[in-house]
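Remarks on the structure that follows.
Numbers here are sequence positions counted from 1.
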Amino acid sequence: MSRVKSRREQYSEATRAALLEAAARRFAEHGFAGTALEDVAADIQATRGAVYHHFANKTALFRAVYEDVETTMLTRVKEAAAAHPDDVGAAADAALAMFLECCCEPVYGRLVWQEAPVALGWQEWKASEERYAFGMIEATVRTLIEVGKLPPLPVITFARTVFHLLGSAGIDLALTAEPDKARVKDEYLQVLRYMLGERPGPATP
């Protein structure tokens with residue numbers, strides 16, 4: 001039987017959630033270097049002490065925001081794939097399209113692909129990206145090979161190649177000007193579909 005949380009615990013959790021939301025907006029708009037903890041606190045009418053109650057420093061706050069947006073992205077990708085339970089190829093395609101869509105969004109795009117390598121350091125960021133995404137990519141590649149939708153190449157190497165291709169696409173989309181994002185996303189989707197085995201049919205006369 002779960003314990004009922006006290007009003008103080010509920011308030012603390014609500015404050016933490018509000019800080020994460022405000023920080024995500026600040027980091028996306030001003031970047032890690034241009035964001036001050038005082039500004040994040042002021043956005044939710046809290047004190048700087050309230051920030052330090054939940055996060056040791058600005059890096060810890062950024063790390064929590066980063067993990068939050070990555071978790072949300074993975075949930076959306078998995079839900080997109082789950083909409084096609086009887087078609088592995090369609091599920092993989094839906095997951096790919098959703099990932100690229102997330103990369104076009106200002107908060108996810110800037111935080112994950114522009115700010116995280118700076119705020120967390122290259123090694124931590126790289127390890128985090130692998131932790132969040134590589135397992136799912138490997139499982140998808142393995143399944144697509146098993147059902148014959150991809151050639152029987154070495155699974156781990158194939159998955160790592162796809163992982164890096166998706167990372168390059170994410171960085172490029174994050175840096176693409178807003179008016180061009182939809183076009184560039186569609187171009188990446190077309191190219192990645194081709195590279196992952198989906199071949200267009202003959203042109204209609």
Side-chain angles (χ1 to χ4, degrees), residues 20-35 61-84 89-141 144 149-150 157-200:
L20 289 176
E21 184 177 349
R25 289 194 301 267
R26 282 277 176 180
F27 288 134
E29 184 176 350
H30 302 287
F32 178 76
T35 296
L61 174 58
F62 182 91
R63 184 179 292 112
V65 171
Y66 167 81
E67 291 174 352
D68 190 51
V69 297
E70 282 285 38
T71 300
T72 299
M73 180 278 293
L74 278 179
T75 298
R76 292 172 64 185
V77 167
K78 289 177 181 178
E79 288 175 348
H84 306 276
D93 188 71
L96 173 62
M98 179 56 71
F99 168 75
L100 294 176
E101 181 67 30
C102 289
C103 292
C104 290
E105 295 172 0
V107 173
Y108 182 85
R110 181 162 186 182
L111 264 62
V112 171
W113 301 116
Q114 294 178 256
E115 299 301 323
V118 177
L120 302 178
W122 171 259
Q123 291 298 331
E124 180 178 347
W125 172 72
K126 185 174 180 294
S128 295
E129 284 300 298
E130 293 205 11
R131 184 176 73 252
Y132 279 107
F134 185 75
M136 183 171 61
I137 292 172
E138 179 190 344
T140 301
V141 167
L144 290 173
K149 289 186 175 294
L150 288 177
T157 302
F158 201 148
R160 194 161 295 283
T161 301
V162 173
F163 173 79
H164 289 301
L165 285 172
L166 293 177
S168 294
I171 292 171
D172 194 29
L173 285 170
L175 296 174
T176 297
E178 190 62 38
D180 299 322
K181 281 188 187 293
R183 174 184 58 80
V184 175
K185 180 195 71 173
D186 289 344
E187 290 175 356
Y188 268 112
L189 188 57
Q190 179 183 4
V191 171
L192 287 166
R193 279 171 172 166
Y194 185 87
M195 296 180 72
L196 292 174
E198 183 176 318
R199 300 292 186 260

- Apply side-chain contact (heavy atoms from CB on, under 4.5 Å) to the pair Phe163 and Glu138, showing each step before the final yes or no. CA-CA 9 Å; Phe163 173 79; Glu138 179 190 344; over 6 Å; no

- Criterion side-chain contact (heavy atoms from CB on, under 4.5 Å) on Leu173 and Trp113, from CA distance to verdict: CA-CA 9 Å; Leu173 285 170; Trp113 301 116; over 6 Å; no

- Item | Pair Leu166-Leu96, side-chain contact (heavy atoms from CB on, under 4.5 Å): steps then yes or no | CA-CA 9 Å; Leu166 293 177; Leu96 173 62; 3.5 Å; yes

- Message: Go through it in stages, so that I can follow the logic: the residues are Leu196 and Leu144, the test is side-chain contact (heavy atoms from CB on, under 4.5 Å), and I'd like the CA-CA distance, side-chain angles, deciding distance and then a yes or no.
- Response: CA-CA 9 Å; Leu196 292 174; Leu144 290 173; 5.8 Å; no

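Ring geometry, Tyr66 versus Phe62: the interplanar angle falls under 30°, so the pair is classed parallel (tilted spans 30 to 60°).
Between the CZ atom in Arg183 and the OG1 atom in Thr176 there is a gap of 8.0 Å [rounded to 0.5 Å]. Within the model, atoms CD of Glu21 and CG of Asp68 stand 9.5 Å from one another, a figure rounded to the nearest 0.5 Å. One distance of note links CG of Asp180 with CG of Leu175; it measures 12.5 Å at 0.5 Å rounding. Atom-to-atom distance recorded for Asp186:CG and Leu100:CG is 9.0 Å, nearest 0.5 angstrom. Once rounded to the nearest 0.5 Å, the distance linking CD1 of Ile137 with CZ of Phe99 reads 7.5 Å. Atom CD of residue Glu105 and atom CD of residue Glu101 lie 5.5 Å apart, to the nearest 0.5 angstrom.
Contact between Lys181 and Ala174 at its shortest, heavy atoms only, is NZ-O, 3.6 Å. The two residues Ala64 and Leu20 make their nearest non-hydrogen contact at CB-CD2, 3.6 Å. In terms of heavy-atom proximity, Leu120 sits nearest to Trp125 at CB-N, 4.4 Å. The minimum heavy-atom distance linking Tyr188 with Ser168 is given by the pair OH-O, 4.3 Å. The minimum heavy-atom distance linking Ala95 with Val77 is given by the pair CB-CG1, 3.6 Å. Closest heavy-atom contact between Val112 and Pro117: O-CD, 3.8 Å.
With hydrogens and angles disregarded, no donor-acceptor distance shorter than 3.5 Å links the side chain of Thr140 to the backbone of Ala92. Of the possible donor and acceptor atoms, one in the side chain of Arg110 sits under 3.5 Å from a partner among the backbone N and O of Glu29.
When side chains are defined from C-beta on, Glu79 does not count as touching Met98, because their heavy atoms never get closer than 4.5 Å. Counting only heavy atoms from C-beta outward, the side chains of Glu187 and Val191 never approach each other to under 4.5 Å. Using a 4.5 Å heavy-atom threshold, the side chains of Met73 and Glu70 count as touching. Residues Phe32 and Leu111 form no side-chain contact, since every pair of their non-hydrogen atoms from C-beta on lies 4.5 Å or further apart.
A salt bridge is defined here as a Lys NZ or Arg NE, NH1 or NH2 lying under 4.0 Å from an Asp or Glu carboxylate O, and Arg63 with Glu124 meets this definition.
Arg160 forms a cation-pi arrangement with Phe134, by the criterion of a distance under 6.0 Å to the ring centre and an angle within 45° of the ring axis.
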